[in-house]
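Worksheet: the structure to be examined is printed underneath.
Since we're looking at a predicted model, the values are computed, not measured. Numbers here simply count residues along the sequence, with the first being 1.
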Amino acid sequence: MRYILIINSRNNTTNLKMLEDAIQRVSKDHPDLRSRMELRYTEYPGHAANVALEADEKYEGSVAVVSCGGDGTIHEIANTLAFRRTPLITVPFGTGNDFIKTVNPSWKKWKIDDYLLNLDNVVCKPIDLIKVDSFDLMGNFIPGWSAYINNIASIGLDTIVQADAKAMVAAKDTRFTRKTAYARSAVTDLFGNRANKFTYELELESGETITGDTDTYTLISICNGRYYGSGFMPAPDARLDDGLADVCVVDCVSTVRATDLIMKYRFGKHVGKEGIHMYKATSGVITSCDPSLQLFGNYDGEDFFGNRIRFEVASKALNVGFFEA
């Protein structure tokens, strides 16, 4: 099989050099594999999506697209390849690499060379996507803030933390900052405003409809994968192919309680604790309680807004390559 490597050229120079060195080693020791690899560096916003679409239409599923970028690059390509034949293979090449933590739990033991040399051993399987649609106060659909997500969408405190973490990295882009920005922002934001006014209604796997019993929460996360925010685990039991979204709702709790919960949330130990609600849902709606205030959300690392947010699981919507552990 041929491989189209879509390389995020906005990545830091250290990562780009690591990848280029690995490709040179493949060229020297495995020329046949290298001859089947086409390198495409992104040149502008949205370029990764255009390359993925071009590959799918040109090769009609006989190639695999390899995302060499972070969660944002994966998200962009996944939206393009949704419901198409071309599989998506992911190589950890970003800040958090959260989606890859679910796809390849052994990812820390792998070097870039390992991923490249095992491309021919990848097993492709269909996974679910979650369609997130945003609407304004008048009920109008907002296409620019609507998308398929392959990993996690969230509204509330964690979105604020994500925004602050991105600002921290933008101000000082070092390896240490990238690794610690989310955790440091989470600790800081715990002492800010944790009250987010919204209601939610979920359709559960049983067909039952459930609604929240208040209008103020700390956060709600809609999870296809298990990790976000550089390793936080809101949905430790999430599966990519079960036709369900794992939804985590956190009540608006005191600073003391929030401080206790944050570490449990970090390592997926929050399930069953007071103030935590976990659901398996097929669809749902989250609505702002303030007509003048749009909800501020984040999906797969990208910001979005809306007065009302609707989500629905799209079963087996994307072919993804899994590396053998």
* To do: In plain terms, say whether D21 and K17 are close enough for a salt bridge, that is, a side-chain N and a carboxylate O under 4.0 Å apart.
  => yes
* Shortest non-hydrogen contact from N298 to F304? -> N-CE2, 3.1 Å
* **4.5 Å side-chain heavy-atom contact, N196 and Y217** => no
* To do: May I ask you to decide if A48's main-chain N or O and E76's side chain share a donor-acceptor pair within less than 3.5 Å?
  => yes
* To do: Using salt bridge (Lys or Arg N to Asp or Glu O under 4.0 Å) as the criterion, point out the one residue from D241, D242, D237 that pairs with R239.
  => D241
* Parallel, tilted or perpendicular for Y299 and H75, by the 30°/60° rule? -> parallel
* Ion pair present between R36 and D120, side-chain N to carboxylate O less than 4.0 angstrom? -> yes
* Asked: So, D300 side chain and N151 main chain: donor-acceptor pair closer than 3.5 Å or not?
  -> yes
* Is D98 paired with K101 through a side-chain N to carboxylate O contact shorter than 4.0 Å? -> yes
* Any side-chain donor paired with an acceptor under 3.5 Å for Y228 and D71? -> no
* Asked: Which atom names give the shortest non-hydrogen contact between D56 and R84, and what distance separates them?
  -> OD2-NH1, 2.9 Å
* Can N8 and N11 be counted as having a side-chain donor-acceptor contact under 3.5 angstrom? -> no
* **K273, NZ atom: more than 12 neighbouring heavy atoms under 6.0 Å** => no
* **Salt-bridge criterion met for K264 and D260 (N-O under 4.0 Å)** => yes
